[in-house]
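Quick one: structure below, then a few questions.
Numbers restart at 1 for each chain; the letters A, B, ... are given by sequence-line order, proteins then strands.
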Amino acid sequence: MLTSISAHSITAEQYQKLYRTGSNMEYNFTQIEPKWQDKWKDDGIYKVNIDPSKPKYYVLDMFPYPSGAGLHVGHPLGYIASDIVSRFKRLKGYNVLHPMGFDAFGLPAEQYAIEHGIHPKKSTETNISNFIAQLTKIGFCYDWDREVRTCEPAYYKWTQWIFLRLFNSFYNRQQQKSIPITELIKAFENKGNADHICPGDNSIHFTAAEWKAYTEKEQQDILMHYRLAFCGYGEVNWCEALGTVLANDEVVNGVSERGGHPVVKKKLRQWYLRITEYADRLLTGLDTIEFSEAMKEMQTNWIGKSSGAEISFELRAMSHEQKNGSQLTAHSSQLLVYTTRPDTIFGVDFMVVAPEHELIEKITTAEQKEAVETYITYVKSRSDRERQAEKKITGCFTGAYAINPFDGREIPVWISEYVLAGYGTGAIMAVPCGDERDFKFAQHFNIPVTNIIGDAFDGTEANATKDAILSNSDFLDGMKMRDAIEVVINKLEAMGIGKRKVNYKMRDAAFSRQRYWGEPFPIVWKDGIAYPLDESQLPLELPDVESYSPGPEGEGPLANIPEWTNQFSEKGVLETNTMPGYAGSSWYFLRYMDPHNDKTFCDRTISDYWNQVDLYIGGTEHAVGHLLYSRMWTKALYDLGHIGFDEPFRKLLNQGMIQGSSRFVYRVQFKNIDEVFKTGDITGGATIFIPENDYHKLIEISVNDNKGRIDYLKNKYPSSKVISNAGNAISVTRLHVDVNIVDGYELNKDEFVKWRPEYANAEIILEDGKYICGSEVEKMSKSKFNTVNPDTLVEKFGADTFRMYEMFLGPVDQSKPWDTKGIEGVHRFLKKLWRLFFDETKGKIWTDAAPTAEELKVLHRTIKKIEDDTERYSFNTAVSGFMICVNELSDLKCHKKEILESLLILITPYAPHIAEELWQQLGNSGSVLNASYPLFNAAYVTETSKEYPVSINGKMRTSLTIALDATEEQVKEIVLANELVQKWMEDKPLKKLIFVKGKMINVVV
RNA sequence: GCCCCGGUGGUGGAACUGGUAGACACGCAGGACUUAAAAUCCUGUUCGCCGAAACGCGAGUACGGGUUCGAUUCCCGUCUGGGGCACCA
């Protein structure tokens, strides 16, 4: 019928169109996919509600920050994986919660607003719409009714509410949990703070009577030192360019994570979360959840627990009168140091205190005063970045001495920037023979080194061992260092000059930003006291303003809006900082459970049902930020009785990063040197593009050797007009070229010129008629022109192909470069699947005939394979399993409905659209999304015999088919009787025959 | 510097507890159908050697060694790529 149409009467395009629409038996994804997406949406098929009759399963993606750049192919990788798991669990009979939302507050939207004058609310909304459109096309099964946006007042009302809970709580160390601060006040009224060491300032001690005598301001200042969310002065990471404070995890190598701006230390009034109180539980909690070892290790390192001892040393300074004698005068102060190695106490040759240490002023002698001041000025002049970039050995002697409590030795006290004020006590005892840094310091300043570990110390390098035997150590002599630690701590405690101490590297988390686009703090200030707003006043909404310029130092833009800050003027002035990005993301997984509740953040009965997130999928970049904060918030909410579990994510799966595969062209431009001198611009002359090899050759020739470079090209390409007429100045550049206009590695010249019209007249040197681009694997980014947009792929191949191809690329948790080429293979597979149902000419070809044993074997082998692989997130091998199945069924010419129907259910999680279309075509009334997963029946796949590989001395020589129930004796007989086996045994006697049932046979001679 | 994780054909990758290395795809080569194109199908494809061919020989999972009847898999050393931490006493 089609062949009767004369090809000459219509264009090729028309012909193709006719051919396509003429046969609706072809796999037409452009029609199928939107159809089912709309239908599923209309039917509300992804709506989910509590159903106690079914087991629940909660699958969560890390919600995206809606950036203006939109999605590239790297983003959906994790979303596809979670979508597959959700659909799989649903078919398995679970009630599946699988929501999506947007982490919509944050710096970039505000930066964008400042630069382009578009309100962050507006740009955020636009970006979200784009994201949703992109996500929808891929066919994800989100229950969009549950969408949350952290920037919506209905959402951040509860972020503020939780903040107030944290503000109104403290961590009770006896009970190891957070409780309301009202309990603490009661305790203070009864007994003072004897039972509750002040976590913010452990020098605060008072009795019940004293407490009652304090003014309200004094009481509130003390309570602030206990609150889980508190305001205080502290050294913060101040970023001038962004005009805000950053948390430790937002600072990378001394510059801001976003934008790479310099960050300096500054003392400012800030809000904090007292996450350090949870350090130990955050650590032990790791044992109860399934995170990758790498992830657990990152968190463990970040928390940085170490145990040792605090030791206080008597201080003496040399007095003016006695400076010529050896006598030291007693000093009123004590120097408190922290060490993990109290066993090395007899090896202490000097003390080092941080430049910020408060004792410095007190203990510095008159002689050293000037040197110390000079040194401190120097340290202050150095930024964090400088400190990290060049680690110089610097320091200054204070003139003071500490006394070793065991042998009375006088130990000089130094100042150095290598000791950090914020860790331990900000002072250390230096043991140069056992610590690399101490050793280098001692060498640099010629401080004599005491050896307490005998041969283990060679005088040229410190040895940090714990296994050496101590010498020169008085009562510890002959003891193993490891054992001596306990002995020393016990003795220090008995003497009352030291105690066991655990320290953490983790600091309290900075929780305020001097920004507009974030949650306002529900706090008013009056007479220096912070008062929480009443719950009924929440949400405290952001004012709608035009300007976002920073307020006065340390205050946010909100400080410029008095009508907003004074809206509760009878109570006080509103806090002008806003909360950081991680506030909203610390609890969003709870809001999804009960997204429209305006009575509470999440009803307890509902959170009891959905409980923990069973599977959380996202990148590793949140290892020490979001994942730690949300764990802490969960623990706090649990302690306060608002939820019934204290870890948010039962299992975490980290998807790998999809890298870009960049393409390069190699540009050479010629100009006359006179012109270059005149204009200073070498570019813009006659242009050629050369092959990669030539580029590398040219690069080897010196940049200044214009003649050498041009001669090389003239020799290589004598026929090139451009080169023979070239100017005498040359510039050679490697340029990124858009991967989307390169076919594999071959440059498409027309597309290239269309993309970069300025090169329309350039000469492109071809090899074998082609220009082959250079390539490199890099991070996917717009500026490198290596991004691939999922939309174009979905348009060209369909969502099902796209989904399966992303999975087929390799293991989800592995990083890999994107390569569009292979997508054709997956597309072919889906067409092949389609052809099991439809024939181009015959149309429907499925039958109701009973399947053969062979066909059932193929099906059930596939059921097992897909089920196992999906269960262990091995999606790439599952896709290959589908391919094998379809290949085999095609070979068997199997068009049996019974087989095909089960196969459709299996493939639903991976390619839902084609599955639904064919499912309906088969005549099923309900949706395939609600089908029930086929049951694996081992009986269909059991074999009676097996083709055993037979090795002689471990080398595979032949294979023999033997019944599976054969005994070892029978096998031996069969094997030895075999001709080939005999040949390879070469008449040597049999030493041993190894027979592993169902696996292999090895003949040892 | 310290700590983790990797290294398998031309490419992405497979081999789940030590048991036939290279599944499944891409690419490439050849062929069929077609006036042609698209689509589809078939054959071959780790490397080297012999050969008309083989169910012929040898080597082979970064490299060198070890354990084992047998190692991509376990152990030791070296090289190399990626990630994390980085004065935390």
Subject >> Whole-Å gap separating P (B:rG84) and CG (A:L627) >> reply: 15 Å
**OP:** Please confirm whether the backbone N or O of A:V431 pairs with a side-chain atom of A:D438, one donor and one acceptor, at under 3.5 Å?
**Re:** yes
Subject >> Test side chain to side chain donor-acceptor pair (under 3.5 Å) applied to A:K305 - qualifying residues, sequence neighbours left out >> reply: A:D280
**OP:** Would you kindly say whether A:T961 and A:E947 are connected by a side-chain donor-acceptor distance under 3.5 Å?
**Re:** no
**OP:** Identify, residue by residue, the members of residues 801-813 of chain A with a heavy atom below 4.0 Å from RNA chain B, and return them in order of residue number, or none.
**Re:** A:F808, A:L809, A:P811
**OP:** Once you apply the 3.5 Å cut-off to both distances, tell me the Watson-Crick or G-U wobble partner of B:rG1, or none.
**Re:** B:rC85
Original post:
OP1 or OP2 of B:rA89 less than 4.0 angstrom from a side-chain nitrogen or oxygen of A:Y418, does that happen here?
Top reply: no
Subject >> Phosphate OP1/OP2 of B:rG12: any A:K821 side-chain N/O under 4.0 Å >> reply: no
Original post:
Closer than 4.0 Å, any side-chain N/O of A:T620 to the OP1 or OP2 of B:rG84?
Top reply: no
Original post:
Is there a Watson-Crick or G-U wobble partner for B:rC79 with both distances under 3.5 Å, and if so, which one is it?
Top reply: B:rG7
Original post:
Hey, what do you get for SG (A:C396) to OH (A:Y378), rounding to the nearest 0.5 Å?
Top reply: 12.5 Å
Original post:
Is the shortest side-chain N/O distance from A:Q814 to OP1 or OP2 of B:rG13 below 4.0 Å?
Top reply: yes
Subject >> Nucleotide nearest A:N887 (side chain, heavy atoms from C-beta), chosen from B:rA25, B:rA89, B:rC87 >> reply: B:rA25
**OP:** Return the set of residues passing ring-ring contact (aromatic ring centres under 6.0 Å, His included) with A:Y805 (not counting sequence neighbours), or none when no residue passes.
**Re:** A:W818
Original post:
OP1 or OP2 of B:rG83 sitting under 4.0 Å from any side-chain N/O of A:N654?
Top reply: no
Original post:
Out of B:rA89, B:rC24, B:rC3, which has the shortest distance to the side chain of A:E297?
Top reply: B:rC3
**OP:** Give A:K816 one of three labels, base, sugar-phosphate or nothing, depending on what nucleic acid heavy atoms sit under 4.0 Å from its own.
**Re:** sugar-phosphate
**OP:** In whole angstrom, give me the gap between the P atoms of B:rC63 and B:rU73.
**Re:** 11 Å
Subject >> Side chain to side chain, A:L652 and A:E290, heavy atoms closer than 4.5 Å >> reply: no
Original post:
Side chains of A:I914 and A:F29: does their closest heavy-atom pair fall under 4.5 Å?
Top reply: no
**OP:** Select from A:Y338 and A:R835 the residue whose nearest nucleotide in RNA chain B is closer to the 5' end of that strand.
**Re:** A:R835
Original post:
Quick one: which of B:rG19, B:rA89, B:rA23 gets closest to the side chain of A:K999?
Top reply: B:rG19
Original post:
Considering every strand shown, what is the Watson-Crick or G-U wobble mate of B:rU40 when both distances are under 3.5 Å?
Top reply: B:rA32
**OP:** Measure from the side chain of A:A294, starting at C-beta and using heavy atoms only, and say which of B:rC4, B:rA25, B:rA23 lies closest.
**Re:** B:rC4
Original post:
Does B:rC57 pair with anything, Watson-Crick or G-U wobble, both distances under 3.5 Å, and if so, with which nucleotide?
Top reply: B:rG48
Polar atom pairs between nucleotides 68-73 of chain B and protein, under 3.5 Å, N or O only, would you list them?
from   : atom 1 : to      : atom 2 : distance (Å)
B:rC69 : O2'    : A:N1002 : ND2    : 3.2
B:rC69 : O2     : A:N1002 : ND2    : 2.5

Subject >> Identified pairing partner of B:rG12, criterion: Watson-Crick or G-U wobble below 3.5 Å >> reply: B:rC24
Name the pairs: protein N/O against N/O of nucleotides 56-62 of chain B, kept only if under 3.5 Å.
from   : atom 1 : to     : atom 2 : distance (Å)
B:rG58 : OP2    : A:R957 : NH1    : 3.3

**OP:** Kindly confirm or rule out a cation-pi arrangement of A:K864 over A:F936, judged by NZ or CZ under 6.0 Å from the six-membered ring centre and within 45° of its axis?
**Re:** yes
**OP:** Go ahead and name the base partner of B:rU72; Watson-Crick or wobble counts if both distances stay under 3.5 Å, otherwise write none.
**Re:** none
Original post:
Heavy atom of residues 863-877 of chain A under 4.0 Å from RNA chain B: which residues?
Top reply: A:R872, A:N876, A:T877
**OP:** By nearest nucleotide on RNA chain B, pick out whichever of A:A427 and A:M956 is the more 5' one.
**Re:** A:M956
**OP:** Would you mind telling me which of B:rC26, B:rC87, B:rC24 lies closest to the side-chain atoms of A:R828?
**Re:** B:rC26
